[in-house]
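Counting convention: from 1, in listed order, for ligands and their atoms alike.
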Amino acid sequence: MKKVIFMGQSGCGKTTLCQKLNEEEIRYKKTQAVEQYGESIDTPGEYLENRHFYNALIMTAVDAGIIALVADPTSEYRAIPPGFAGVFGKKVIGVVTKIKQAGGEQIKKAERQLKEAGVSRIFLVDTPDGTGIGELSEFLNRERGAK
Ligand SMILES: Nc1nc2c(ncn2[C@@H]2O[C@H](COP(=O)(O)OP(=O)(O)OP(=O)(O)O)[C@@H](O)[C@H]2O)c(=O)[nH]1
Ligand SMILES: [Mg+2]
């Protein structure tokens with residue numbers, strides 16, 4: 001089974017995604033360290049916000065088959081640098097969260113950021129109510145089944 005690792009700025013929705021995909025109750029909890037949720041790996045937002053932690057992210061990603069870069073369209077802060085997907089040498093997808101909260105322009109901007117980071121495809125979700133989660137989940141299950 002390939003694991004998926006989620007990376008993105010604090011509050012972008014990584015833990016919520018891990019809980020939803022693992023069919024757990026959604027409970028807010030600030031992520032302090034790398035955590036496993038079934039086949040998902042959750043990372044603290046600080047790992048992406050502080051370049052000193054990039055190596056920790058890259059080392060943690062060794063255990064994963066797929067990288068998911070998560071972008072919060074409601075935030076002006078841009079944590080994912082252009083070309084970031086290239087450092088992993090693995091399949092990298094993008095996830096835009098909070099699409100029910102965000103405006104159309106904000107969503108477009110988040111998608112642009114992910115494209116500039118080099119992701120191969122983008123999923124639009126609103127995790128708590130499940131919008132877009134079925135598609136993401138099916139994609140991940142298919143990828144995980146593949147060798
Ligand atoms: N409306 C909406 N709220 C969301 C969504 N995803 C996450 N949230 C909310 O955003 C807040 C932060 O979500 P988390 O999943 O804890 O964020 P995180 O990326 O794990 O943050 P760190 O652990 O700090 O790195 C929580 O209150 C979530 O309920 C979404 O898709 N839509
Ligand atoms: Mg978290």
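- The shortest side-chain heavy-atom distance between Arg144 and Val4 falls under the 4.5 Å cut-off.
- The residues lining ligand 1, counting any heavy atom closer than 4.0 Å, are Gln9, Ser10, Gly11, Cys12, Gly13, Lys14, Thr15, Thr16, Tyr28, Lys30, Thr31, Pro44, Gly45, Thr97, Lys98, Gln101, Asp126, Thr127, Pro128.
- When atom types are taken as modelled, the side chain of Thr97 and the backbone of Cys12 share a donor-acceptor pair closer than 3.5 angstrom.
- At least one donor-acceptor pair under 3.5 Å links the side chain of Thr43 to the backbone N or O of Phe6.
- Between Lys2 and Lys90 the shortest side-chain heavy-atom distance does not fall below 4.5 Å.
- Near-neighbour remark for the Mg ion (ligand 2): protein N, O or S atoms under 2.8 Å are Thr15 OG1, Thr31 OG1; waters not counted.
- With respect to Lys108 and Glu105, a salt bridge is recorded, a charged nitrogen being found less than 4.0 Å from a carboxylate O.
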TODO: Let me see the working for Thr74 and Gln106 under side chain to side chain donor-acceptor pair (under 3.5 Å), right down to the final yes or no.
DONE: CA-CA 7 Å; Thr74 67; Gln106 290 179 309; over 6 Å; no

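- For the pair Lys91 and Glu143, the salt-bridge criterion is met [side-chain N within less than 4.0 Å of a carboxylate O].
- Note: Phe84 and Tyr54 have tilted aromatic rings, judged against thresholds of 30 and 60 degrees for the angle between ring planes.
- Judged purely by atom type and a 3.5 angstrom limit, Lys14 uses its side chain to pair as donor or acceptor with the backbone of Gln9.
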